[in-house]
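Numbers for residues simply follow the sequence, beginning at 1. Ligands are counted one by one from 1 in listed order, and the atoms in each one are counted from 1 as well.
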Amino acid sequence: MTETSAVAEAEQLVAEAAGNEGASSEGPQFTLELNQDQKDIREWVHGFAENVVRPAAEEWDEREETPWPVIEEAAKIGLYSFEAVGQFWADETGLTLPIANEELFWGDAGIGMAIMGTTLAVAAIFGQGTPEQMGEWIPQCYGTPDDVKLGAFCASEPDAGSDVSGIRTSAKYDEAKDEWVINGQKAWATNGGIANIHVIIASVDRELGSRGHAAFVIPPTTKGCEQGAKVKKHGLRASHTADVHLDDCRVPGSCLLGGKEKLDERLARVREGKKAKSQAAMQTFEASRPTVGAQALGIARAAYEYALDYAKEREQFGRKIVENQSIAFDLANMKLEIDAARLLVWRAAWMGRQGHKFENAEGSMSKLKAGEVAVWVTERAIQILGGNGYTREFPVERMHRDSKIYTIFEGTSEIQQLVISRAISGFHIK
Ligand SMILES: Cc1cc2nc3c(=O)[nH]c(=O)nc-3n(C[C@H](O)[C@H](O)[C@H](O)COP(=O)(O)OP(=O)(O)OC[C@H]3O[C@@H](n4cnc5c(N)ncnc54)[C@H](O)[C@@H]3O)c2cc1C
């Protein structure tokens with residue numbers, strides 16, 4: 001994509017989003033009847049997941065490396081691109097984004113995250129940047145099919161995970177040079193250190209806690225932005241996770257997402273005791289929760305389908321194991337839980353796209369339910385496969401390892417419950 005067309009596309013999407021805000025009565029009605037575009041995209045992503053992702057899953061899980069050739073394949077067919085994410089996002093029902101994510105992660109979650117990890121950085125630039133910033137930085141998150149690049153979103157720190165107000169990474173403005181000087185350490189960043197574009201959440205005023213945060217783009221090869229330790233993980237091993245060190249990292253003033261004027265206005269409001277409209281990290285997470293829930297659903301569905309097929313083949317005591325109620329009931333409950341979680345994910349995705357406020361933390365509900373369902377379903381799948389389920393010869397143990405992160409990142413299950421309980425009660429539950 002050329003820079004100009006990226007700007008035009010970003011501007012169009014922003015205009016559409018703005019047009020949708022609060023315009024619920026004019027938005028599309030919620031329906032479970034997928035339209036032809038949604039069905040076509042589902043089929044397209046499923047085909048890639050089945051033919052390219054699934055066959056490569058075991059290898060890249062064992063290698064614990066970023067599957068560059070698979071990302072390149074995704075870029076060649078246009079799946080790894082801003083155009084694709086923009087097209088998924090532009091669907092005014094909100095359902096295409098979760099549908100595409102579910103299909104891709106059905107193929108494999110580690111590779112799925114290697115492909116979709118960039119989206120978190122893109123979502124931050126898209127959600128908080130000016131049209132010029134979107135046009136400049138979003139294409140650089142993806143690169144080109146011949147030279148693919150990645151994006152990383154870095155909010156978490158060693159001492160600031162669930163509690164983002166504890167972020168210590170600081171950004172100080174050097175007025176003479178119109179530059180920001182960033183110092184700190186980021187932890188567990190997906191694509192951290194290997195990304196072309198890093199979006200860093202830093203504190204510009206520690207006294208204001210999370211209301212004093214701002215998001216900065218670190219352009220490629222900026223001095224002072226280095227990868228720290230790469231994390232060895234339980235699951236999602238085809239996705240790179242690492243610390244990122246920021247050591248007197250200087251970026252131009254134009255790298256502050258949204259611009260300085262907007263930041264100064266926001267900080268002034270907060271200092272006057274007025275409510276800030278948004279917090280840099282939370283804004284990104286809120287928008288992405290149903291999508292993350294959809295990824296968990298993809299893993300759960302893959303494990304359920306595998307276990308169902310297995311149970312219909314495997315014989316013990318002279319009959320198929322599915323003929324035992326305990327196995328069949330487990331499978332029935334697995335299907336039930338997956339479908340229930342999908343309804344929550346689709347509801348939240350639809351509400352988010354219509355600009356409806358999540359009055360009862362519906363975004364958190366969707367992510368909480370889907371994450372817990374993925375862990376439970378994949379564990380049951382191992383049980384149904386018995387000894388085979390526990391070995392690396394069969395994919396369900398990998399799916400189980402992959403699923404666990406969905407109760408941890410983008411807000412742990414406990415934090416989602418906190419958000420929901422505060423929303424429904426109006427009390428500041430601790
Ligand atoms: C594979 C992977 C990829 C990641 N990718 C990214 C990324 O790209 N960018 C990024 O910024 N971060 C990323 N993270 C970080 C992730 O978001 C954090 O790990 C997560 O937010 C939890 O923070 P923590 O690990 O510090 O746990 P903690 O906050 O220390 O929580 C530990 C336990 O305490 C519980 N707890 C904490 N506070 C409360 C409370 N008030 N009430 C009840 N229980 C509570 C938690 O639920 C949890 O069970 C990633 C992490 C992993 C493992």
Side-chain angles (χ1 to χ4, degrees), residues 61 64-66 105 109-125 141 150-169 184-195 197-203 209-210 213 215-216 218 227-246 279-289 291-292 295-296 299 361 364 367-368 371-372 374-375 398 401-422 425 427-430:
D61 174 59
E64 290 194 57
E65 286 169 11
T66 300
F105 282 68
I111 295 177
M113 187 52 70
I115 293 172
M116 282 295 175
T118 293
T119 319
L120 212 51
V122 171
I125 299 170
C141 288
L150 303 171
F153 177 77
C154 312
S156 304
E157 298 184 0
D159 294 323
S162 301
D163 180 10
V164 289
S165 69
I167 283 179
R168 286 178 178 276
T169 297
Q185 183 185 344
K186 292 295 176 183
W188 307 295
T190 299
N191 297 336
I194 61 168
I197 299 291
H198 291 77
V199 174
I200 303 283
I201 303 297
S203 172
S210 56
H213 290 173
F216 297 86
I218 311 290
Q227 183 186 313
K230 180 181 168 184
V231 182
K232 282 178 84 70
K233 305 196 296 292
H234 177 63
L236 230 59
R237 300 197 308 176
S239 164
H240 170 103
T241 315
D243 286 359
V244 174
H245 296 281
L246 297 138
Q279 295 163 15
M282 297 321 291
Q283 211 182 15
T284 302
F285 288 140
E286 261 170 38
S288 57
R289 274 178 186 153
T291 307
V292 175
Q295 296 172 357
I299 307 173
S364 290
K367 195 264 174 182
L368 169 62
E372 293 291 335
V375 173
R398 183 180 69 246
R401 285 187 286 110
D402 290 345
S403 71
K404 186 56 195 160
I405 192 61
Y406 285 87
T407 68
I408 298 172
F409 67 6
E410 296 245 353
T412 64
S413 288
E414 291 76 16
I415 294 301
Q416 308 300 346
Q417 289 173 83
L418 199 66
V419 174
I420 299 164
S421 58
R422 283 179 184 171
S425 70
F427 279 75
H428 193 73
I429 314 286
K430 291 201 175 66

Quiz item: Among Gln417, Gln416, Arg422, whose side-chain hydrogen bond (donor to acceptor under 3.5 Å, both in side chains) with Ser364 holds?
Solution: Gln416
Going by the atom numbers of ligand 1, which of them fall below 4.0 Å from some non-hydrogen atom of [X]?
| X | answer |
| --- | --- |
| Ala155 | 10 (C), 11 (O) |
| Glu410 | 17 (O) |
| Lys233 | 1 (C) |
| Ile408 | 20 (C) |

Quiz item: Do any heavy atoms of Leu236 fall under 4.0 Å from ligand 1?
Solution: no
Quiz item: Contact between Gln417 and ligand 1, counting heavy atoms under 4.0 Å?
Solution: no
Quiz item: Any donor and acceptor pair, going by atom type alone, linking the side chain of Lys367 with main-chain N or O of Ser288 inside 3.5 Å?
Solution: no
What I want to know is whether [X] and ligand 1 share at least one N or O pair that is separated by under 3.5 angstrom.
| X | value |
| --- | --- |
| Glu414 | yes |
| Gly411 | no |
| Thr412 | yes |
| Thr190 | yes |

I'd like to check [X] versus [Y] (side-chain heavy atoms, cut-off strictly below 4.5 Å). Are they in contact?
| X | Y | result |
| --- | --- | --- |
| Phe409 | Val292 | yes |
| Val375 | Tyr406 | no |
| Arg237 | Arg398 | no |

Practice problem: Going by heavy-atom distance to atom 37 (C) of ligand 1, choose the closest among Ala187, Ala160, Ser162, Gly110. | Solution: Ser162
Quiz item: What residues, two or more places apart in sequence or in another chain, satisfy salt bridge (charged side-chain N to carboxylate O under 4.0 Å, His left out) together with Glu372?
Solution: none
Exercise. Examine the proximity of ligand 1 to Ile405 and report which part, side chain or backbone, both or neither, has a heavy atom under 4.0 Å away.
Key: side chain
Quiz item: Stepwise, does the side chain to side chain contact (heavy atoms under 4.5 Å, CB included) test hold for Phe216 with Thr169?
Solution: CA-CA 11 Å; Phe216 297 86; Thr169 297; over 6 Å; no
Show me the donor-acceptor pairs, under 3.5 Å and distance only, between side chains in residues 118-125 and residues at least two apart or in other chains.
| from | atom 1 | to | atom 2 | distance (Å) |
| --- | --- | --- | --- | --- |
| Thr118 | OG1 | Tyr80 | OH | 2.8 |
| Thr118 | OG1 | Gly151 | N | 3.1 |
| Thr119 | OG1 | Met116 | O | 2.7 |

